[in-house]
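Only heavy atoms go into these numbers, but all of them, side chains included; no hydrogens, no water, no symmetry mates. It should be emphasised that the depicted structure is a prediction, and the values quoted were computed from it without experimental measurement. By convention in this document, chain letters (A, B, ...) are assigned in the order of the sequence lines, proteins followed by strands, and residues within each chain are numbered from 1.
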Amino acid sequence: MAGPGHLGQPKDLKEARALQEALRQRVRLRPLRRRAVRLVAAVDCAFLKDWVVAAACLWSLQGLELLREAFALQKAPFPYVPGYLAFREAPAMLRALGGLGTTPHVVLIDGQGIAHPRGLGLASHVGVLLGLPTVGCAKSLLVGSSREPGPKRGSFSVIEYNSRVVGAALRTKDSTRCVYVSPGHLLNLRDALWVVLKSSSGSYRLPEPLRWADARSRQLKKRLANEGRDLHGADLQALL
DNA sequence: GCGACAG
DNA sequence: ATCTTGTCGC
């Protein structure tokens with residue numbers, strides 16, 4: 001019954017590729033109903049030994065205020081292999097996002113969307129599993145290339161890969177390195193850029209929700225490290 | 001074969 | 001991602 005087609009953790013890269021191909025076929029890029037987008041979530045992971053610490057948060061797009069936060073801690077189910085990040089981080093991310101208790105209108109993910117060797121980066125992978133719009137917002141490029149955008153916040157230039165536009169290098173803060181945005185699922189590049197700009201204030205390179213998730217996952221990781229005890233029964237709530 | 005390579 | 005001090009610039 002549970003062959004390679006069953007959506008679980010692949011045991012090798014061959015199964016992982018088969019799973020990516022199945023999920024890739026479910027990716028849909030289309031205009032987002034912006035009027036209905038008021039809740040933005042973000043997730044990011046930190047690592048301690050072979051454990052994954054995921055932090056998720058929910059923000060209001062209007063006013064950029066933190067509304068909720070949730071976490072997840074589990075053993076890493078897959079090693080880090082460029083191009084297969086989702087098999088390592090997605091499980092914990094999905095649990096942390098589920099802990100928010102509210103369905104966001106769009107989710108920001110620290111990684112690529114379709115700007116990926118096989119068209120299914122972490123953000124697209126998570127988007128398909130969630131059935132929600134997701135935006136890939138990475139700090140560096142995995143594949144493809146782009147020109148350097150102008151120095152002002154808001155300027156961008158497309159990322160091309162195999163002669164296809166798969167994303168864009170976007171300046172979120174004046175005279176600061178770009179972030180690499182690519183649609184994950186259920187939205188197009190235009191809307192992905194809109195979400196990233198709307199969720200960033202111009203004070204930092206990363207959109208506020210992602211910056212928060214990044215800092216929070218590392219903080220939690222540090223506390224767990226200091227705590228020193230077995231991570232098996234670690235009580236996350238007690239460390240907040 | 002060689003180099004590149006999200007987090 | 002993680003390790004790890006000081007330092008340069010807005």
What does nucleotides 3-10 of chain C look like as a protein-contact string, B for base, S for sugar-phosphate only, - for none, at under 4.0 angstrom between heavy atoms? S-------

Contact string for nucleotides 1-7 of chain B, one letter per nucleotide 5' to 3', B = base within protein heavy-atom range under 4.0 Å, S = sugar-phosphate only, - = neither, reads ----BBB

Rounded to the nearest 0.5 Å, how far does [atom2] of [Y] lie from [atom1] of [X]?
X: A:Leu58; Y: A:His105; atom1: CG; atom2: NE2; answer: 8.5 Å
X: A:Leu220; Y: A:Glu227; atom1: CG; atom2: CD; answer: 10.5 Å
X: A:Leu94; Y: A:His125; atom1: CG; atom2: NE2; answer: 7.5 Å

Quiz item: cation-pi between A:Arg118 and A:Tyr84, 6.0 Å / 45°: yes

Look at A:Glu160 together with A:Arg147 and state whether they make a salt bridge at an N to O cut-off of under 4.0 Å. no

Salt bridge check, A:Glu21 against A:Arg24: does any charged N sit closer than 4.0 Å to a carboxylate O? yes

A:Arg216 versus A:Gln219, side-chain donor and acceptor atoms under 3.5 Å: yes

